[in-house]
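Before any comments, here is the structure.
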Protein chains: 2
Amino acid sequence: MSLDQLSQEEQSTVLRVRKRVIEAIGRNMDLYGVTLSTGHLYGLLFFADKPMTLDEMGREMSMSKTSMSTSMRTLLDLNMVNKVWEKGSRKDLYEVEYDWYQTFTDYFAIEWRKAVETNIQIIRRSIEEISRMMREIPEDTAIRGVLEVDKRKMEGAVRYYSWLNRLIDCLENGDIYQLVPKE
Amino acid sequence: MSLDQLSQEEQSTVLRVRKRVIEAIGRNMDLYGVTLSTGHLYGLLFFADKPMTLDEMGREMSMSKTSMSTSMRTLLDLNMVNKVWEKGSRKDLYEVEYDWYQTFTDYFAIEWRKAVETNIQIIRRSIEEISRMMREIPEDTAIRGVLEVDKRKMEGAVRYYSWLNRLIDCLENGDIYQLVPKE
DNA sequence: TGGTATGTACAGAAAAAACTGTACAAAGTA
DNA sequence: TACTTTGTACAGTTTTTTCTGTACATACCA
């Protein structure tokens, strides 16, 4: 059901309400590391009654096509919007992922998982290196103590990262809903 | 145990290993919305053997004191570092919060909670407004359909936010460790 | 109380990021 | 095949953010 079937006054009423919500959603999308204007684009798409093309968005947003294109790329990479295929149309169509639980999960599965994996690898390698050094150093020397402390700190970090990994697993496989049901 | 008890060579070895880890930690701190250089400062503090003052950090970091001051403020606000009081010293002392589980929880309790609360309030108010409008509009009109759809979308959002709120509760009260034990 | 050390506010400079317009590549259509 | 249409790469511009240095407020000390 499209907006242009409505009277001028009705349209502006609906748009005013939407705008406030779009603003609110967009403003907090920096938690996902996306730009305010990308957030607005997302909000626009959230209220769209059907998948939209870049041109349609441009009509409502006063943004360059290039900007919109890169914004959509960002949102696609985060699985926050989906590309929809419609035969007969050459244009790309976008629609928001309305399953926000999934969106939340994907964000962690994508961004946080990536960070965790890199860090865990770097730290493990560093622990290895330190252990190797320690084997070649006599006991009760100053450097041994320093290495010991550093190593312990890094081991703590690895333990935390492994927990975070398991937490993300629980998001992905849905176990989290046992503890925190959708309602 | 301080580094300057060690030989030049030993020091450089330790510093090389640390630097790689600091780099890794700092690079991914953008997930918490903090700057790369703030991340480096955090990393420096992570390996420090005792709470540090701004001047001590300045000696190792080549950053202006102002920058460091604001960085520390940011990290304090996120509960990622703590201010330590040591009598006899006029200087502020900072040390990292080594409980990273707590750090993770606090981040959500602070940043995400804030976003959720604002959005939930704005959306609830908008739902109210729409409901009020609908009561004054005859059935089976075009605008009613539009309002209906918008309302349903917003109700979905509220449901998600309430879930997120409960998830953050579970982080704060520790219930999360039933599902994902620290090990 | 005056003197000194310490952290931060503020304004301006530097750096980074976001945005735009053009030019082009890719893919569909006749 | 030539002709469109559509999305994106890229370089340059604008905007935003981060960083710095100075000036100042605060708190401690003698």
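In what follows, chains carry the letters A, B, and so on, assigned in the order in which the sequence lines appear, proteins first and then strands, with residues in each chain numbered from 1. These numbers come from the heavy atoms of this one structure, side chains and all, not from hydrogens, waters or symmetry mates.
- Under a 3.5 Å cut-off, the side chain of Lys83(B) and the backbone N or O of Leu76(B) do not form any donor-acceptor pair.
- Listed nucleotides: dA18(C), dG7(D), dT8(C). Nearest to the side chain of Tyr94(B): dT8(C).
- The distance from atom CG of Asp30(B) to atom P of dA17(C) is 10 Å, rounded to the nearest whole Å.
- Atom CE in Met63(B) sits about 14 Å away from atom C1' in dA14(C), given to the nearest Å.
- In this structure, Leu41(B) atom CG and dG7(C) atom P are separated by 13 Å, rounded to whole Å.
- Close to dA18(C), at under 4.0 Å from its OP1 or OP2, lies no side-chain N or O of Thr70(A).
- For Leu54(B) and dT20(D), the CG to P distance is 13 Å, given to the nearest whole Å.
- Nucleotide dC19(C) holds its P atom 14 Å from the CE atom of Met72(A), rounded to whole Å.
- The interatomic distance linking Arg90(B) (CZ) with dG3(C) (P) rounds to 15 Å, in whole Å.
- Taking atom CD of Glu86(B) as the reference point, atom P of dC28(D) lies 15 Å away to the nearest angstrom.
- Residue Ser69(B) places at least one side-chain N or O under 4.0 Å from the OP1 or OP2 atom of dT8(C).
- The side chain of Lys65(B) places an N or O atom within less than 4.0 Å of a non-bridging phosphate oxygen (OP1 or OP2) of dG7(C).
- The aromatic rings of Trp100(B) and Phe46(B) are tilted relative to each other, their planes meeting at an angle between 30° and 60°.
- There is no side-chain donor-acceptor pair under 3.5 Å between Lys182(B) and Tyr101(B).
- Side-chain rings of Tyr32(A) and Trp112(B) approach one another, their centers coming within less than 6.0 Å.
- At least one side-chain nitrogen or oxygen of Ser67(B) sits closer than 4.0 Å to the OP1 or OP2 atom of dT20(D).
- For the residue pair Glu95(B)/Asn82(B), the side-chain donor-acceptor check at 3.5 Å is not satisfied.
- Ranking dA5(C), dT6(D), dC19(D) by closeness to the Lys91(A) side chain, first place goes to dT6(D).
- Spacing between atom CE of Met57(B) and atom P of dG7(C) amounts to 9 Å, rounded to whole angstrom units.
- In the set dG7(C), dT20(C), dT18(D), the nucleotide with an atom closest to the side chain of Thr66(A) is dT20(C).
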